[in-house]
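All remarks here apply to the structure that follows.
In this chain, residues are counted from 1 in sequence order. All of these numbers come straight from a predicted model, not from anything done at the bench.
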Amino acid sequence: MTKEEELLFVSGAFKALVSRGVAESDLFTPSTVTDRDIDVFEERFGIRLPAIFRAYLLSYCYDFSVICAPIPVDGLENVQENCEKGLWWIELIALPKENPLKNLYGLMESFREVCTNKELVGLDLESIHNLVPIGEWDGTLCIDLSNGALCSFDQREFDWKKAGYLDENGIAHGIKRMADFHELLELYFYGKYDAEYEKQIAENSEERPDYAAYIQR
């Protein structure tokens, strides 16, 4: 995608929250983040963020952090037709209007501190350099800059080699959760599986989901 297409896709994702009945339009405001702010963040940590995530940071500010959506209960790998869907919560960084990147800075600093602390995970910076924490999904959810995938790490697990989080070169990749940030927006903002989930619960004679409860501050 071009930068303009990325921005349109992200903008459409926030509009989808409104059209789905998940959020009121006043829940988010135009972003106060600038390209220079992101450049400074990247320089501070020696990384380069994916274009789709940069577009996300440049689009809107908001104070909510927890959001849910229906997803396949057996995971997103090899999704089968008519597979069972269930609601799954995710916690994303809040991007407040005042100092919007403060939470992202805080996550990066604390994540790197824990990972390199010899009494905790005990890895060197090179092993986790490509990981950018952006929230919680059954553990710390990160963007893996080496491949763009979203992966997670159980916060109770400190032996990452034993947990299978490291590759043969000692580089951390965690447990893959989503293909990329684009897929996260499709699932949680655009509601990719809304229709299938509604059909499923109708067949089970259950009530239609309350989309207004899908976001929590």
Side-chain angles (χ1 to χ4, degrees), residues 1-14 17 27-67 90-117 120-121 123-137 139-153 155 160 165 171-189 215 217:
M1 287 185 177
T2 64
K3 180 179 180 179
E4 291 71 22
E5 289 172 334
E6 298 280 9
L7 288 168
L8 283 173
F9 181 79
V10 173
S11 177
F14 280 91
L17 288 177
L27 194 60
F28 33 85
T29 58
S31 179
T32 55
V33 178
T34 66
D35 275 307
R36 180 55 186 159
D37 291 334
I38 300 175
D39 291 342
V40 170
F41 178 85
E42 291 178 330
E43 291 166 7
R44 163 69 176 82
F45 295 104
I47 58 171
R48 188 169 182 81
L49 297 173
I52 184 69
F53 190 61
R54 175 180 277 261
Y56 181 80
L57 297 175
L58 291 170
S59 293
Y60 290 98
C61 287
Y62 56 86
D63 289 320
F64 64 85
S65 60
V66 181
I67 183 171
I90 188 173
E91 182 175 347
L92 291 174
I93 53 166
L95 299 171
K97 191 171 183 178
E98 298 296 328
N99 194 8
L101 296 184
K102 66 177 182 180
N103 293 319
L104 191 58
Y105 272 98
L107 277 177
M108 281 291 288
E109 290 165 354
S110 61
F111 181 75
R112 287 189 171 189
E113 182 179 350
V114 168
C115 291
T116 58
N117 187 316
L120 298 174
V121 179
L123 297 174
D124 56 39
L125 183 58
E126 182 182 359
S127 297
I128 51 97
H129 182 264
N130 285 326
L131 298 174
V132 179
I134 60 170
E136 298 285 332
W137 167 297
T140 302
L141 182 69
C142 295
I143 301 175
D144 185 343
L145 300 180
S146 69
N147 55 23
L150 301 191
C151 57
S152 69
F153 300 84
Q155 295 173 325
W160 282 18
Y165 293 165
I171 304 301
H173 299 287
I175 300 173
K176 183 178 178 181
R177 297 300 185 183
M178 288 170 254
D180 48 31
F181 195 76
H182 186 282
E183 184 172 28
L184 184 150
L185 294 179
E186 287 184 328
L187 293 169
Y188 283 91
F189 286 66
I215 277 181
R217 292 180 181 272

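The salt bridge (charged side-chain N to carboxylate O under 4.0 Å, His left out) contacts involving residues 93-102 comprise nothing, where partners must be two or more places apart or lie in separate chains. The salt bridge (charged side-chain N to carboxylate O under 4.0 Å, His left out) pairs that include a residue from residues 1-10 are Lys3-Asp35, where partners are two or more places apart or lie in different chains. Applying the salt bridge (charged side-chain N to carboxylate O under 4.0 Å, His left out) definition to pairs two or more places apart or across chains, those involving residues 176-187 are Glu77-Lys176, Asp138-Arg177. The stretch residues 36-45 participates, sequence neighbours left out, in these side-chain hydrogen bond (donor to acceptor under 3.5 Å, both in side chains) pairs: Thr34-Asp37, Arg36-Glu43, Asp39-Arg54, Glu42-Arg54.
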What's the verdict on side chain to side chain contact (heavy atoms under 4.5 Å, CB included) for Leu17 and Ile67, showing C-alpha distance, side-chain angles and the deciding distance? CA-CA 10 Å; Leu17 288 177; Ile67 183 171; 3.8 Å; yes
Show the numbers, then the answer: is there a side chain to side chain contact (heavy atoms under 4.5 Å, CB included) between Val121 and Phe153? CA-CA 11 Å; Val121 179; Phe153 300 84; over 6 Å; no
Please test Ile52 against Val10 for side chain to side chain contact (heavy atoms under 4.5 Å, CB included), starting from the C-alpha separation and ending with a verdict. CA-CA 8 Å; Ile52 184 69; Val10 173; 3.8 Å; yes
Decide yes or no on side chain to side chain contact (heavy atoms under 4.5 Å, CB included) for Val33 and Leu95, but give the supporting numbers first. CA-CA 9 Å; Val33 178; Leu95 299 171; 5.8 Å; no
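Applying the side-chain hydrogen bond (donor to acceptor under 3.5 Å, both in side chains) test to Tyr62 and every residue at least two apart in sequence or in another chain returns Tyr56. Every residue two or more places apart in sequence or in another chain that forms a side chain to side chain contact (heavy atoms under 4.5 Å, CB included) with Leu27 is listed here: Ala23, Phe64, Ile215, Arg217. In this structure Phe45 satisfies the ring-ring contact (aromatic ring centres under 6.0 Å, His included) test together with Phe41, Tyr105, sequence neighbours excluded. By the ring-ring contact (aromatic ring centres under 6.0 Å, His included) test, His182 is found to be paired with Phe9, residues two or more places apart in sequence or in another chain being considered. A search for ring-ring contact (aromatic ring centres under 6.0 Å, His included) contacts involving Phe189 returns Phe14, not counting sequence neighbours. In this structure Thr140 satisfies the side-chain hydrogen bond (donor to acceptor under 3.5 Å, both in side chains) test together with Gln155, sequence neighbours excluded. Asp144 meets the side-chain hydrogen bond (donor to acceptor under 3.5 Å, both in side chains) test with Ser146, His173; sequence neighbours excluded.
Contact detail for Asn103 and Ala94: the closest heavy-atom pair is ND2-O, 2.8 Å. The heavy-atom pair separating Ser11 from Ser59 by the smallest distance is N-OG, 4.5 Å. Nearest heavy-atom pair, Ser31 versus Leu57, reported as atom, atom and distance to 0.1 Å: OG-O, 2.7 Å. Across all non-hydrogen atoms, the minimal contact from Cys142 to Pro133 is SG-CA, 3.7 Å. Considering every non-hydrogen atom in both Trp160 and Cys115, the closest pair reads CH2-SG, 3.5 Å. What you find for Cys61 and Pro100 is that their closest heavy atoms are SG-CB, 4.0 Å.
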Throw together a table of side-chain donor-acceptor distances under 3.5 angstrom for residues 124-132, partners on residues two or more places apart or in other chains.
residue : atom : partner : partner atom : Å
Asp124  : OD1  : Glu126  : N            : 3.3
Asp124  : OD1  : Ser127  : N            : 3.0
Asp124  : OD1  : Ser127  : OG           : 2.9
Ser127  : OG   : Gly170  : O            : 2.9
His129  : NE2  : Gly46   : O            : 2.9

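The CD1 atom of Ile93 sits 7.5 Å away from atom CG of Leu101, with the distance rounded to the nearest 0.5 Å. The distance from the CD atom of Glu136 to the CG atom of Leu92 is 10.5 Å, given to the nearest 0.5 Å. The CG atom of Leu141 lies 7.5 Å from the SG atom of Cys151; values are rounded to the nearest 0.5 Å. Note that CD1 of Ile175 is 13.5 Å distant from CG of Leu150, once rounded to the nearest 0.5 Å.
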